[in-house]
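The residues of the chain are indexed from 1 along the displayed sequence.
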Amino acid sequence: MTLLCPCCAQSTIRPLLCTPEMPVNSCILRWSESSSLSFAQKSMDLAQCETCGFFWNTTFDVAQTTYDTEYESTQMHSRVFREYLKQTALDWLQSLDTPPRSILEVGCGQGEFLTTLAELTQANLLGFDPAFRPDGANPVQIIPKVLPAKPTATFDLVVNRMTLEHIAAPQDFLANLFQWVAPGGTMITQVPNAGRIISEQHVYELFYEHVNYFTQASLLHALQRAGFNDNRAEVTYGDQHLTIFSRRGPSPVPAASASAPGLQNTLPASLQRFTAHWNQILKDRHTSGRDVWIWGTGSRATTFLSFVSAQNALHGAIDINPLREGSYVLGTACKTFLPQALENRKNLSIIVMNPIYKDEIAEALGAISAEAELLLIDDF
């Protein structure tokens, strides 16, 4: 059977990379070494469209991924992220021609963005997410379910942040979202920036949960096919996030032009180089008597530890989210600790899973009188 690109419907598809096996979820919490090590793992068979640059896991098994109340992905314990999220909310509201009266967020997690919006707008706010944990404290209405296939209302603004990359049928999902946008309304779609993954060979940003990897060109194709003809793109958060602003207008408007990134496939070689580099770093630091830790226990940590073999060199993992304390990086025996576990400790080597938090991590270490060299995951 000939594969067609889910974004541009072309058949110019070529193999890209088959990864080592990795946990099928990155953010499910497991509290024992045995339950972590026995967690389901699968490889990813990535293929890429030569027309628009989109790539995806062609053997993705949707039955393996779980989004429920055990799913813990919040980044709100980071000051850097909170500031970014608030600025994003301000910028997105200011981008609209008129203040929205109603806002829907699909895949809203624990309502972090909706709660931020509630401080900035008088709009009626609604969210959907099957992983939402109701506690009675959230100031906005969130329904702990997936978005219904048929709209129950329309909204001036529909937001889907860091959701589309998880959806096995992205075109159907976008077509459904189109129905929830009021005529003349706006949809804002934000995904990880796959153009950056390709151009900078960031193999550590490949996660089994992420079936889809959108370049700007491919996301514009997908949105146009779903009925959004007026689209504007921007890249933020250290080029990590790709955002498209789409209007549901009465007539077609030409989309912003975008070309696919260079398609020379060097990901297999980059994966080999990445694993060789970090295995050597781990062994060298361990042999020299340094205590080696990773900082950050979400998706990047899960992939990192799936790719490297020298895990025995690690003392553990650090995360600032107290809900993760005592859990294990999935698929490993690497246990999670809060930063206080490093208080007054010296001779540390810490591998930073997301370099955008480097300065924040350095401040946190200084506050507990810990001395460490910080090694950035993208420095290989």
Side-chain angles (χ1 to χ4, degrees), residues 26-27 29 67 71-94 103 105-121 125 127 129 131-133 137-140 142 159-166 188-193 196-197 202 204-205 207 209-210 234-243 293-304 317-325 327 329 336-340 350-368 374 376-378:
S26 302
C27 298
L29 300 183
Y67 301 101
Y71 191 86
E72 176 52 47
S73 63
T74 188
Q75 297 171 269
M76 292 299 283
H77 297 281
S78 164
R79 171 184 51 80
V80 170
F81 186 79
R82 290 195 303 273
E83 291 174 353
Y84 165 69
L85 199 68
K86 184 171 184 178
Q87 189 60 54
T88 297
L90 282 167
D91 292 344
W92 288 6
L93 289 172
Q94 291 173 0
I103 300 175
E105 184 179 9
V106 183
C108 65
Q110 302 309 311
E112 298 94 334
F113 190 64
L114 286 172
T115 301
T116 303
L117 284 171
E119 299 173 357
L120 304 171
T121 176
L125 303 172
D129 198 303
F132 178 67
R133 299 184 290 268
N138 201 291
V140 298
I142 298 175
V159 172
N160 65 107
R161 297 175 45 257
M162 300 301 173
T163 297
L164 191 59
E165 65 273 15
H166 296 262
I188 302 178
T189 303
Q190 187 175 76
V191 295
N193 179 19
R196 173 176 172 269
I197 296 174
H202 284 178
Y204 56 84
E205 293 188 56
F207 318 136
E209 288 179 53
H210 290 188
E234 71 176 24
V235 175
T236 57
Y237 212 49
D239 292 338
Q240 294 182 27
H241 295 172
L242 167 65
T243 305
W293 298 73
I294 61 172
W295 193 295
T297 61
S299 298
R300 293 184 185 206
T302 304
T303 294
F304 178 79
I318 300 296
D319 203 287
I320 61 175
N321 182 351
L323 295 178
R324 286 184 167 272
E325 183 184 15
S327 66
V329 178
T336 303
F337 299 82
L338 295 178
Q340 287 73 19
I350 296 176
I351 305 170
V352 177
M353 294 293 104
N354 192 334
I356 206 164
Y357 300 120
K358 178 185 176 182
D359 292 343
E360 184 177 52
I361 291 170
E363 292 174 11
L365 291 169
I368 57 175
L374 298 183
L376 306 184
I377 193 174
D378 61 355

Any sub-3.5 Å donor-acceptor pair from [X]'s side-chain atoms to [Y]'s backbone N or O?
X: Arg324; Y: Thr297; result: yes
X: Glu112; Y: Gln110; result: yes
X: Thr163; Y: Val106; result: yes
X: Glu360; Y: Val80; result: yes

Please give me the minimum heavy-atom distance between [X] and [Y], naming the atom from each residue.
X: Ala301; Y: Ile294; answer: CB-CD1, 3.8 Å
X: Met353; Y: Gly296; answer: CG-O, 3.5 Å
X: Leu323; Y: Arg133; answer: CD1-NH2, 3.9 Å
X: Asp129; Y: Cys108; answer: OD2-N, 3.2 Å
X: Thr116; Y: Ala89; answer: CG2-CB, 3.9 Å
X: Ala317; Y: Val329; answer: CB-CG2, 4.2 Å

Show, in sequence, the C-alpha distance, side-chain angles and deciding distance for Phe304 and Ile351, and conclude whether the side chain to side chain contact (heavy atoms under 4.5 Å, CB included) test is met. CA-CA 10 Å; Phe304 178 79; Ile351 305 170; 3.9 Å; yes
Just checking [X] against [Y], ring centres under 6.0 Å apart?
X: Phe113; Y: Trp92; value: yes
X: Tyr357; Y: Trp295; value: no
X: Phe207; Y: His166; value: no

Do Tyr84 and Thr236 meet the criterion of a side-chain donor-acceptor pair at a distance under 3.5 Å?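 Thr236 and Tyr84 do have a side-chain donor-acceptor pair below 3.5 Å.
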Does the side chain of Thr336 come under 3.5 Å of the side chain of Glu325 through a donor N or O and an acceptor N or O? no
Taking the side chain as C-beta and beyond, is there a heavy-atom pair between [X] and [Y] under 4.5 Å?
X: Pro339; Y: Leu365; answer: no
X: Leu374; Y: Ile361; answer: yes
X: His241; Y: Arg161; answer: no
X: Thr243; Y: Val235; answer: no

To the nearest 0.5 Å, how far apart are [atom1] in [X] and [atom2] in [Y]?
X: Tyr71; Y: Leu29; atom1: OH; atom2: CG; value: 10.5 Å
X: Glu105; Y: Leu125; atom1: CD; atom2: CG; value: 9.5 Å
X: Asp91; Y: Lys86; atom1: CG; atom2: NZ; value: 12.5 Å
X: Glu72; Y: Cys27; atom1: CD; atom2: SG; value: 8.0 Å
X: Leu242; Y: Glu165; atom1: CG; atom2: CD; value: 10.5 Å
X: Ile197; Y: Asp239; atom1: CD1; atom2: CG; value: 12.0 Å

Does Arg82 have any side chain to side chain contact (heavy atoms under 4.5 Å, CB included) partners at least two apart in sequence or in another chain, and if so, which? Met76, Arg79
Tell me, with the steps shown, if Ile377 and Asn354 meet side chain to side chain contact (heavy atoms under 4.5 Å, CB included). CA-CA 7 Å; Ile377 193 174; Asn354 192 334; over 6 Å; no
For Asp378 and Tyr204: C-alpha separation, side-chain torsions, deciding distance, then whether side chain to side chain contact (heavy atoms under 4.5 Å, CB included) applies. CA-CA 8 Å; Asp378 61 355; Tyr204 56 84; 3.0 Å; yes
Intermediate values then yes/no, side chain to side chain contact (heavy atoms under 4.5 Å, CB included), Leu93 and Ile103: CA-CA 10 Å; Leu93 289 172; Ile103 300 175; 4.2 Å; yes
Which one of Gln240, His210, Arg196 satisfies the side chain to side chain donor-acceptor pair (under 3.5 Å) criterion with Glu205?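 The residue from Gln240, His210, Arg196 that satisfies side chain to side chain donor-acceptor pair (under 3.5 Å) with Glu205 turns out to be Arg196.
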Going by the rule side-chain hydrogen bond (donor to acceptor under 3.5 Å, both in side chains), which residues pair with Thr189 if we only count those two or more places apart in sequence or in a different chain?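 By the side-chain hydrogen bond (donor to acceptor under 3.5 Å, both in side chains) rule, Thr189 matches Asn160.
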